[in-house]
Amino acid sequence: MPQSGWFHEMAATNCTDYDFLKIEPHWQRIWEETKAFRAENGSSKPKYYVLDMFPYPSGAGLHIGHPEGYTATDIMARYKRARGFNVLHPIGWDAFGLPAEQHAVATGTHPASNTQNNITNFRRQIKALGFSYDWDREVDTTDPKYFRWTQWIFLQLFKKGLAYVDERPVWWCPALSTVLANEEVIDGKSERGNHPVERRNLRQWVLRITAYAEQLIDGLKDVDWPDSTKRMQEAWIGRSEGAEVLFKLENTALGDLKIFTTRPDTLFGCTYMVLAPEHPLVPGLTTAAQRETVDAYRKKTAAKSDVERMSEAAKEKSGVFTGSYAINPVNGARVPIWIADYVLMGYGTGAIMAVPAHDERDFEFAKQFGLKIKAVVGRTTPMVFDIVPQTSVPDHGLQNLVLNIADKQTPIWCYHNYCVSGEGIAVNSEFLDGLPTKEATSKMISWLEAKKLGTKRINYKLRDWLFSRQRYWGEPFPIVWISEADYRRAAALRQDLPAQPVAFAEQGVTLYALPLPEAALPLQLPEVQSYLPSGTGESPLANVPAWLEIWINCQTGEAVPASAPQPQGDAWVRGRRETNTMPQWAGSCWYYLRYLDPQNATALASGDALKYWDVPDLYVGGAEHAVLHLLYARFWHKVLFDLGVVPQSEPFRKLFHQGIILGEDGVKMSKSRGNVVNPDDIIRDYGADTLRLYLMFLGPLEAMKPWNPKGIEGVHRFLRKAWRECLTEEGAVNPRISDGGALTADAEKVLHETIKKVGEDIDAMRFNTAISQMMILVNTLQKEPVLPRQAVRDFLRLLAPFAPHVAEELWARVGGSGSVMTAGWPAYDAAKLVANTMTIVFQVNGKVRGDAVVPVSAVESDLVKLALDHPKVAPHLGGKPLKRSIYVKGKLINLLV
RNA sequence: GCCCGGGUGGCGGAAUGGUAGACGCUGGGGACUUAAAAUCCCCUUUCCGCAAGGAAGUGUGGGUUCGAGUCCCACCCCGGGCACCA
């Protein structure tokens, strides 16, 4: 921090009492003018990068949950600076998004203006909390200088073949006139606005995140994240190992039917097949007699919304027979082929072999439609049947087989007409008989591979990422659609096209996706007349002909409206711009990289900056982003790593989720309940320091905890008490403070304990207990006849990360010169932590009966004697002889009689 | 249904297997003051007892241990996530 002369002059206010409304803006201004929190690229100090999830600047202003996480990271940032680190602590705005656009639709004003108003308000609120952000590094995802690089990253994905277009059924929300991603649809309603949604086919951009499924699972091993979050991502990616198996069809003209199973060892137990209703083989497999039923069922399923699919009533299995049969490759058995909506087209091959004896879903279905159940997995111990209550069939199906396993004696029990899922011993399975599930599985896979009937296969639940929105307020895709002939011409002129062109056929015409050259970025949003979606599925951008329909120079990316004459030169071709825009996730996928070098005009960040700052050492944000944001950002980071843009494969080394703050009534804060706490009100009544302190004092950072308006008084009183320890009512230095003098031994011990504990607690992010300890210290100092200035200085330095304004003020007035932030972190003296007496607890048979203060030199034999004679202990011995004593050093003596 | 996290005073919460309830709030009593606010001091888990003191006590039931809020087993309740993924 600069130590200019005027800084000294202006160092403190002259408030006589704790007037936080004067003090806090005063120090905020000084910090701002001296750029006190500027992070220096390439400094020789060790670096520390602490990141907050940047906010969406909503019209409602800052929510109390924002300052909770932001205070935690600010304490870390200030603490690390005090410990000599070069700290990067940035903030920015995730400012694209639906609400700004809805506001624009309603008012006719450009979403950018509303967005900037909201940002101005958020910035004011955040600054009022005294967070030590480096404001020179502020980013805004809607700024063309920023989204230029969002578009650039998209181009890299495109060139790598990781972006493609596909017409696919997506969630169409009539109320929002937009398509929603699966994750934005909750219980058949839009996440935002709670409007009903329906299925509709549209041309979409899709990112091939599934290509990184394996790496996304692997990378979790290397990061320090909450276990629950790792598990959630793992479950979301949903890796499962198994096999693809080819079944011949009776109608050989249709080719083979490919299915995926995790249990190839149960192949002998397959008694029917099920295809997803949308499976392409269904029309061919449907016999004339079944045609009507099948068509009706397919139609019904297609119209089904997710609400119906997920409702309890729909849990009843449904399905119809196609009339056709497949041949089981292992035994030639003829098995009927059904279609049912419990098989999903989007997973595996959209077709399964059903083994009702060992899969609960197949079992349910088989019971319902009277299909055969054949047991092929047994157990070495008979089971008690009430643990399989799904069936009403009597248990006469119990069979006891003796199989050719190692001892040739062990009976294997298997159950017909029951469902026994899980592992066991293969039975009724010819060459697998007697093998435990794992071995049977690998033997079956080898058998299938040898006969070219199947292969080992890993499947993921993770789907490719639907990456386009039919909205105005998002990053436009740097893509122009051109004809095949023009694309060939472009390919001759350009080296940066993907190996496989991205093409799309619509109304008999195939168009090719031409990426803009990187030099032509950013592609900006055009001005529009109306922000209403076109309603056809295209965004409002489709309504701007001069922007949309163009002559484009496919070499340079220059464009002129198609209404103008075609410019001279071979490179100029006719094109139509992509009208989709990117989802809000795009800008937040890489913002942590832009902070490293926010002004860079030639790269998203310089190599030096990327190397120096590395990735965030700590990332704090809500658990609601456990899957989506954190998975998408990891995906992009891994792609950038593979491209050599970033030097490491994981973006967030350590992650922490702050808990939700509930309303006073113990339920989630919401406008409708009227239990929302507005940070502005708290700052006005108590000050930012009190708010910060209280947010941290509420409980463990990760816990969900209710707001208590009474509780805030407690931490406020603590700050006032600290103020009074330093200053008199007239604002002079408290006469008890002196440069000589010493604390009493007990108080000195508390001081050093506090220095130790506050440091350890900050390191472990246990801010609540750090504050408790500081309260204990102040309560102790209050009783001291003399306060050595050094002790006060130590306390103020501990307090500074938590309550920086009051710490600065008091430091300036009693602590010393300069800023408390440049005064370093106090060190504790381990020798001062050791007392010369200790309190030993006396127990009799494990029950506490008394205690005594003894010198630390006391040994066990002395203590036992002392205990036996202790007036409160003796009566409980009942005159019985001492059997044994246990001494826990420095803590207690337990006498057993 | 499956996978996590959690159940401690009137409340928020503290407790490396070693005095359960630190710290704060609330409530009660007292000091200062003409009075009030602010501040300071004392008390505040429950039950029995005038007191000294005693007993019980960390969701429930078992277990391990000299000793369990903490470790193990079973169960109940609350919160979060996933949910026909073959």
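Hydrogens, waters and symmetry mates are skipped; everything else that's a heavy atom, side chains included, is used. Order of the sequence lines sets the chain letters (A, B, ...), proteins ahead of strands, with each chain counted from 1.
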Give every residue pair that meets the salt bridge (charged side-chain N to carboxylate O under 4.0 Å, His left out) criterion with at least one member in residues 690-702 of chain A, sequence neighbours excluded.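 Residue pairs passing salt bridge (charged side-chain N to carboxylate O under 4.0 Å, His left out), neighbours aside: A:Asp74-A:Arg692.
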Enumerate the residue pairs fulfilling salt bridge (charged side-chain N to carboxylate O under 4.0 Å, His left out) with a member in residues 712-728 of chain A, sequence neighbours excluded, ordered by first and then second residue.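 The answer is A:Glu725-A:Arg736.
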Among A:Ile64, A:Thr71, A:Val715, A:Val677, the one residue meeting side-chain contact (heavy atoms from CB on, under 4.5 Å) with A:Leu691: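 When A:Ile64, A:Thr71, A:Val715, A:Val677 are each tested with A:Leu691, the side-chain contact (heavy atoms from CB on, under 4.5 Å) holds only for A:Ile64.
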Partner nucleotide of B:G1 by Watson-Crick or wobble geometry (both distances under 3.5 Å):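 Looking at the geometry, B:G1 pairs with B:C82.
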Write down the partner of B:U19 under the Watson-Crick or G-U wobble criteria, each distance required to be under 3.5 Å.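 Answer to the pairing question: none, since B:U19 forms no Watson-Crick or G-U pair.
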Ring of A:Tyr342, cation from A:Lys317 - is the NZ or CZ under 6.0 Å from the centre and inside 45° of the axis?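 Flagged: A:Lys317 positioned over aromatic ring of A:Tyr342.
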Distance under 6.0 Å and angle within 45° of the ring axis: does A:Arg634 meet both against A:Trp236?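 No cation-pi geometry.
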So, [X] versus [Y]: side-chain donor-acceptor pair below 3.5 Å or not?
| X | Y | answer |
| --- | --- | --- |
| A:Asn459 | A:Ser240 | no |
| A:His358 | A:Ser421 | no |
| A:Thr839 | A:Asp851 | no |

Under 4.0 Å, heavy atom to any atom of RNA chain B: which of [range] qualify?
| range | answer |
| --- | --- |
| residues 348-357 of chain A | A:Ile352 |
| residues 881-894 of chain A | A:Arg884, A:Ile886, A:Val888, A:Lys891, A:Leu892, A:Asn894 |
| residues 773-784 of chain A | A:Met775, A:Ile776, A:Asn779, A:Gln782, A:Lys783 |

Mind running ring pair (Phe, Tyr, Trp, His ring centres under 6.0 Å) on A:Trp465 and A:Tyr212 for me, showing each step along the way? CA-CA 12 Å; A:Trp465 174 13; A:Tyr212 279 76; over 10 Å; no
A:His716 and A:Phe20: aromatic ring centres closer than 6.0 Å?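 Yes, close enough.
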All N/O donor-acceptor pairs, side-chain side in residues 883-897 of chain A, below 3.5 Å, sequence neighbours left out:
unit_1	atom_1	unit_2	atom_2	d
A:Ser885	OG	A:Glu860	OE2	3.4
A:Tyr887	OH	A:Gly890	N	3.1
A:Asn894	OD1	A:Gly846	N	2.9

Who are the ring pair (Phe, Tyr, Trp, His ring centres under 6.0 Å) partners of A:His657, not counting sequence neighbours?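 Testing A:His657 for ring pair (Phe, Tyr, Trp, His ring centres under 6.0 Å), a comparison that skips the adjacent residues, returns none.
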Pick out the pairs of N or O atoms, protein on one side and nucleotides 3-5 of chain B on the other, that lie under 3.5 Å.
none

Would you list the protein and nucleotides 54-59 of chain B atom pairs, both N or O, that sit under 3.5 Å from each other?
unit_1	atom_1	unit_2	atom_2	d
B:G54	OP1	A:His876	NE2	3.2
B:A55	OP2	A:Arg849	NH1	3.2
B:A56	OP2	A:Lys847	NZ	3.3

Parallel, tilted or perpendicular, judged at 30° and 60°: which one describes the rings of A:Phe365 and A:Tyr272?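 Rings of A:Phe365 and A:Tyr272: parallel, under 30°.
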Contacts of type side-chain hydrogen bond (donor to acceptor under 3.5 Å, both in side chains), residue A:Tyr460, not counting sequence neighbours: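 A:Glu214.
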Per-nucleotide protein contact along nucleotides 69-74 of chain B, 5' to 3', at a 4.0 Å heavy-atom cut-off (B base, S sugar-phosphate only, - neither), is ------
Could you run down the sub-3.5 Å N/O contacts of the protein with nucleotides 9-13 of chain B?
unit_1	atom_1	unit_2	atom_2	d
B:G12	O2'	A:Leu698	O	2.6

Give A:Lys710 one of three labels, base, sugar-phosphate or nothing, depending on what nucleic acid heavy atoms sit under 4.0 Å from its own.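 Sugar-phosphate contact only - A:Lys710 comes under 4.0 Å of backbone atoms but never of a base.
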Heavy atoms only, 4.0 Å cut-off, all strands: where does A:Arg724 land among base, sugar-phosphate and nothing?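 Contact class for A:Arg724: sugar-phosphate only.
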Does the side chain of A:Arg717 get closer than 4.0 angstrom to OP1 or OP2 of B:C25 through an N or O atom?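 Affirmative; the distance criterion is met.
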Is the shortest side-chain N/O distance from A:Tyr342 to OP1 or OP2 of B:A86 below 4.0 Å?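 So the side-chain polar atoms of A:Tyr342 never come under 4.0 Å of the phosphate oxygens OP1 or OP2 of B:A86.
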Atom pair distance, as rounded to whole Å: CD in A:Gln843 and C1' in B:U65: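 Distance check: A:Gln843 CD to B:U65 C1' gives 13 Å.
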